[in-house]
Amino acid sequence: MKKIAVIGICTGGTQLFNQNLMRKYLANPDKCPDVYTHQLPLHKINAAFSALEKGDESILFELIMQSIKGISTFKPDYTVLPNNTAHLIINKLQQQ
């Protein structure tokens, strides 16, 4: 069975992704992947977005990298960042 790790940045995007993913498998639950969601702490996200507005991507990058390291024991086949802002650092994340 496939495993999907979801890194929650903003709660709205994370909830919508999880809801749509589960809805997809309602008719065929035997094919539903294992899903692990790690929601980043909101106060840290707020600080990261404040820094991002000033051109500093490092805080958001480090938060996401810490999450990726933490979920590595889950051994996901896919890691999803359901967030519009994450595209700003996706290339850097993929390189790591």
Side-chain angles (χ1 to χ4, degrees):
M1 174 133 345
K2 295 286 184 187
K3 294 180 180 182
I4 298 175
V6 181
I7 298 175
I9 298 174
C10 294
T11 58
T14 304
Q15 290 174 344
L16 186 61
F17 176 81
N18 284 334
Q19 179 183 7
N20 288 334
L21 182 66
M22 291 303 111
R23 188 176 291 134
K24 176 181 176 178
Y25 291 102
L26 283 175
N28 206 347
D30 293 339
K31 294 190 179 199
C32 185
D34 290 344
V35 179
Y36 176 86
T37 301
H38 176 239
Q39 176 60 54
L40 297 174
L42 297 179
H43 70 282
K44 291 184 179 181
I45 291 297
N46 288 340
F49 280 2
S50 291
L52 200 57
E53 287 176 356
K54 298 173 186 166
D56 182 3
E57 301 172 346
S58 65
I59 298 172
L60 182 60
F61 176 80
E62 287 303 321
L63 282 174
I64 294 171
M65 285 306 299
Q66 287 173 7
S67 183
I68 290 170
K69 289 175 186 170
I71 62 176
S72 65
T73 58
F74 179 65
K75 297 182 180 169
D77 297 292
Y78 306 97
T79 300
V80 180
L81 300 166
N83 179 270
N84 291 334
T85 305
H87 78 279
L88 296 172
I89 58 170
I90 196 70
N91 292 336
K92 188 175 177 181
L93 289 168
Q94 289 174 331
Q95 288 175 358
Q96 291 292 319

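Small disclaimer: the values here were computed from a predicted structure and weren't measured.
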Distance-only check: which donor-acceptor pairs under 3.5 Å involve side-chain atoms of residues 89-96, not counting sequence neighbours?
none

### Inter- and intrachain pairs under side chain to side chain donor-acceptor pair (under 3.5 Å), touching residues 38-66, at least two apart
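Found H38-S67, D56-S58.
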### Task
Could you walk me through whether I64 and L40 pass the side-chain contact (heavy atoms from CB on, under 4.5 Å) test, one step at a time?
CA-CA 8 Å; I64 294 171; L40 297 174; 4.3 Å; yes
Residues forming a side chain to side chain contact (heavy atoms under 4.5 Å, CB included) with [X], sequence neighbours excluded:
X	result
N84	none
K24	none
L21	I4, F17, Y25, V35

### Query
So do the side chains of L52 and I59 get within less than 4.5 Å of each other, counting heavy atoms only?
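They are not in side-chain contact.
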### Task
Using a 4.5 Å cut-off on heavy atoms from C-beta on, say whether the side chain of L60 contacts that of L88.
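Side chain of L88 against side chain of L60, heavy atoms only: no contact under 4.5 Å found.
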Listed pairs under 3.5 Å, donor-acceptor, residues 68-79 side chains, sequence neighbours left out:
residue: S72; atom: OG; partner: K69; partner atom: O; Å: 2.7
residue: D77; atom: OD2; partner: K3; partner atom: N; Å: 2.7

### Task
Apply side-chain hydrogen bond (donor to acceptor under 3.5 Å, both in side chains) to T11 and list each qualifying residue two or more places apart in sequence or on a separate chain.
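Counting only residues at least two positions away or on another chain, T11 forms no side-chain hydrogen bond (donor to acceptor under 3.5 Å, both in side chains).
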### Query
With N18, which residues qualify under side-chain hydrogen bond (donor to acceptor under 3.5 Å, both in side chains), at least two apart?
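side-chain hydrogen bond (donor to acceptor under 3.5 Å, both in side chains) check on N18 returns T37.
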### Query
For the atom pair OG1 (T14) and CD1 (I9), what is the distance rounded to the nearest 0.5 Å?
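Result: 7.5 Å between the selected atoms.
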### Message
Looking at every heavy atom in both C32 and M22, which two are closest together, and how far apart are they?
### Response
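Scanning both residues completely, I find the closest heavy atoms to be SG-CE, 3.8 Å.
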